[in-house]
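Okay, structure first, notes after.
In what follows, residues are counted from 1 in the order of the sequence shown. No hydrogens, no waters, no symmetry mates; every other heavy atom, side chains included, goes into these values. Read the numbers this way: they start at 1 and go in the same order the structure lists the ligands and their atoms.
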Amino acid sequence: MKLLDKIQSNRATLTVMGMGYVGLPLALEFSKVFPKVHGFDPDQIKIKALRQGRSYIRDIPPAAVRQGLIRGFRPVSDAKVLGASDVIVICVPTPLNEYKTPDMAYIRAAMQTVLKQVRKQTLVVLESTTYPGSTDEEVIACLETQKNFKLGRDFYAGFSPERIDPGNQKFMLKNTPKVIGGAEPQSQKLLQALYAKVCDVVVPVSHPRTAEMTKLLENIFRNVNIALINEFALLCNRMDIDVWEVIEAAKTKPYGFMPFYPGPGLGGHCIPLDPFYLSHRAKKFGFITRFIELAGEVNDSMPSFMVTKVTYALNSVSRSVRGSKILVLGVAYKKDVNDARETSARPIMAGLLKKGARVFYADPYIARFSVAGQSLRSVSTRGLNYAGFDLVLVHTHHSGMDYEKLYRSKTLIVDTRNVFKGRKRRGLFRL
Ligand SMILES: NC(=O)c1ccc[n+]([C@@H]2O[C@H](COP(=O)([O-])OP(=O)(O)OC[C@H]3O[C@@H](n4cnc5c(N)ncnc54)[C@H](O)[C@@H]3O)[C@@H](O)[C@H]2O)c1
C-alpha cells in the first residue's frame, strides 16, 4: 500500500487538528520523524504564537516549538493543508453542555472542515476523548455518506486515545504505551506504523469502539477512586482521623491496593467530564452507570465542603465569612500546570463570594481568573504577605511556593492538599 510505504519511509505529510494540550505535543513529536507536519487550529492567536516560536503550554518550552519549526512543523489556520495531507489526526475539545451531556460540536465542525478538503487515500485518526461509537458515527459515516468514500479502499480510519498527563515529567508520549483501534485491517496497519514512529509501545485493540472505551475506563477508574477517597476523607473528618495518615499506612500493602488522594474537588478537561460521555451513551442501551453517578455526586460535593471548612476555621476565631479577607493559594486544577479548566477553585471561590467574603487568589501560572462574573488578577506570589489575609486556603500545591512562611504566619490555614503533613499549629485545618 502506497500510504503505508509513505508512513514507513517517513515521507507522509501530517496534519494535527487542534493545537491544544494534546495536539501540540503530538505534532511536535511527529515532526521529529516526519519532515512535514502541519498544526491546524482556527485560533489565530495560538497559531501566531507558535509561528513566533512561543508556547502557551507549560509542559512545552518555547525551545521545543522553535526546534519543531526548524524541523518542518508548520502552524496554520488555513484548512487547505488538509487536502495535501496523508494523515489527519483530530485533537479537538470534547466538553459537556449545560445539561452535562456530550457536546460533539467541535468534532463535527472539524469533520466538516476535513470533508471540504480531504482527498482519497488519507488516514483519519480521532484522538479526542469521546463515547464508544464516535469514530464510526462521526468520522467514518461522515466520509462514507458525504464524500461517497469507501472505508479500507478510499480512506482509512481509527481511534487512538491520548494519555498525556500534564505536569508528568516521567511519562511522556514516547514512553507511554499507545492504544490504537483501526476500523479495518488496513487502517490498523497504518495506525500501527504511524504511532510506532513516536511511541515505544503500541497496543492494538480490535476496534475503534474498544479503544474509545479503554480511554473511558482509565479515566472513570480515577474518577470513581477519587470519589471513594473523598468520601473517606469526609468521614475521617467527622471521626477526627487523619485520612492522609490512613492512606500512607494502607499503601504499604504490597499488592491489591493503589493510593488515591482526596482534594478540594475534581478539575481539568478529562476526569470530571469523560465519565458523562459514557453515562450518556449507556442510556441509549437502557443502562444506568450507577458508579459514575455516585462518584459525580461525591466529587461535586467537595467544593461546598471546603466552604464549610473555611466557615468552621473562621468561627474558631469568632469571625464570620462575611467581610473576611480570604486568599486562595493556587487555582490551577492540579499542581504545576497552568490549566484552570473545570478547577474546583471556581465553585469554592464563588461559594465564599456568595457568603460575602473578600476573595483573592495567588497562582504563579494563572494571571487572570474569572469567577461568578468577576475577572480577578493574581496577587503577586513573590514576597506574598500572608498576614494580610484572615485565612489562606491551599487549593493547589504548586512547587516553589513558600509554604513555611505561610506556616509561620499566624493566619488561619485550610490545607486541602496535605502540604502540612502531620503538622499541628493553632489555626491550621487540614482536609
Ligand atoms: N488535556 C489533557 O490532558 C487531555 C488528555 C487526554 C485526552 N484529552 C482529550 O483530548 C481532546 C483535546 O483536549 P485538549 O486538552 O488538547 O483541548 P484544548 O482546548 O487544549 O485544545 C483544543 C484545540 O482545538 C482547537 N479547535 C477547536 N475547534 C477546532 C477545529 N474545528 N479544527 C481544529 N482545531 C480546533 C482549539 O482552538 C484548541 O486550540 C479532548 O477530547 C480531551 O478530552 C485531553
The test is side chain to side chain contact (heavy atoms under 4.5 Å, CB included); show your working for V307 and L352 and say whether it passes.
CA-CA 6 Å; V307 174; L352 293 170; 4.1 Å; yes
Where do F305 and N237 land on the side chain to side chain contact (heavy atoms under 4.5 Å, CB included) test, with the steps shown first?
CA-CA 11 Å; F305 177 71; N237 248 264; 3.8 Å; yes
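At the top of the distance list for atom 21 (O) of ligand 1, counting protein heavy atoms only, stands G20 CA, 3.2 Å. Scanning the protein heavy atoms around atom 10 (O) of ligand 1, the nearest turns out to be V22 CG2, 3.4 Å. Closest protein heavy atom to atom 35 (C) of ligand 1: P42 CD, 3.4 Å. Atom 13 (O) of ligand 1 has as its closest protein heavy atom H269 CD2, 3.6 Å. Regarding atom 32 (N) of ligand 1, its nearest protein heavy-atom neighbour is F40 CE2, 3.5 Å. Closest to atom 11 (C) of ligand 1, if we only count protein heavy atoms, is V92 O, 3.4 Å. In terms of protein heavy-atom proximity, atom 39 (O) of ligand 1 is nearest to D41 OD2, 2.6 Å. The protein non-hydrogen atom at the shortest distance from atom 24 (O) of ligand 1 is G18 CA, 3.3 Å.
Counting atoms of ligand 1 from 1 in the listed order, those under 4.0 Å from a heavy atom of P166 are 3 (O). Under a 4.0 Å criterion applied to the non-hydrogen atoms of S128, ligand 1 contributes the atoms 11 (C), 41 (O). Close contacts between ligand 1 and K46 involve ligand atoms 38 (C), 39 (O) [criterion: under 4.0 Å to a heavy atom]. Those atoms of ligand 1 with a heavy atom of P93 less than 4.0 angstrom away are 19 (O), 22 (C), 24 (O), 27 (C). Interface atoms of ligand 1 facing A110, defined by a heavy-atom separation under 4.0 Å, are 31 (N). Per-residue contacts place Y106 under 4.0 angstrom from the following atoms of ligand 1 (heavy atoms of the residue considered): 27 (C), 28 (N). Near I164, with a cut-off below 4.0 Å to any heavy atom, the atoms of ligand 1 are 2 (C), 3 (O), 4 (C), 5 (C).
Checking each of K335, R222, K334, K170 against D165 for a salt bridge (charged side-chain N to carboxylate O under 4.0 Å, His left out) leaves exactly one that passes, namely K334. Here the rule is salt bridge (charged side-chain N to carboxylate O under 4.0 Å, His left out) with E127, and of K178, K215, R163 only K178 fits it.
A donor-acceptor contact shorter than 3.5 Å is absent between the side chain of K46 and the backbone of P75. A side-chain donor-acceptor contact under 3.5 Å links Q188 to the backbone of V205.
Note: Y365 and H398 meet the aromatic proximity criterion, with ring centroids under 6.0 Å apart. Taking the ring centroids of F260 and F232, they lie at or beyond the 6.0 Å cut-off.
Checked against a 3.5 angstrom limit, the closest N/O atoms of T94 and ligand 1 fall inside it. In terms of polar-atom proximity, defined here as any N/O pair under 3.5 Å, Y21 does make such a contact with ligand 1. Note: an N/O pair closer than 3.5 Å links T129 and ligand 1 by distance alone. Between R341 and ligand 1, at least one pair of N/O atoms sits closer than 3.5 Å. Polar contact check, E127 against ligand 1: no nitrogen or oxygen pair lies under 3.5 Å apart.
Under a 4.0 Å N-O distance rule, the pair K2/D86 does not qualify as a salt bridge. Between R281 and E137 there is a salt bridge, with a side-chain nitrogen of the basic residue lying less than 4.0 Å from a carboxylate oxygen of the acidic one. By the 4.0 Å N-to-carboxylate-O rule, E404 lies close enough to R423 to be salt-bridged with it. Salt-bridge annotation for E29 and K32: present, with a side-chain N of the basic residue lying under 4.0 Å from a carboxylate O of the acidic one. Here R11 pairs with D5 in a salt bridge; the nearest charged N to carboxylate O distance falls below 4.0 Å. In this structure, K147 does not pair ionically with E144, as no charged nitrogen and carboxylate oxygen lie closer than 4.0 Å.
Residue contact check for ligand 1: T113 places no non-hydrogen atom closer than 4.0 Å to it. Contact annotation: Q112 has no heavy atom less than 4.0 Å from any atom of ligand 1. The shortest heavy-atom distance from R163 to ligand 1 is not under 4.0 Å.
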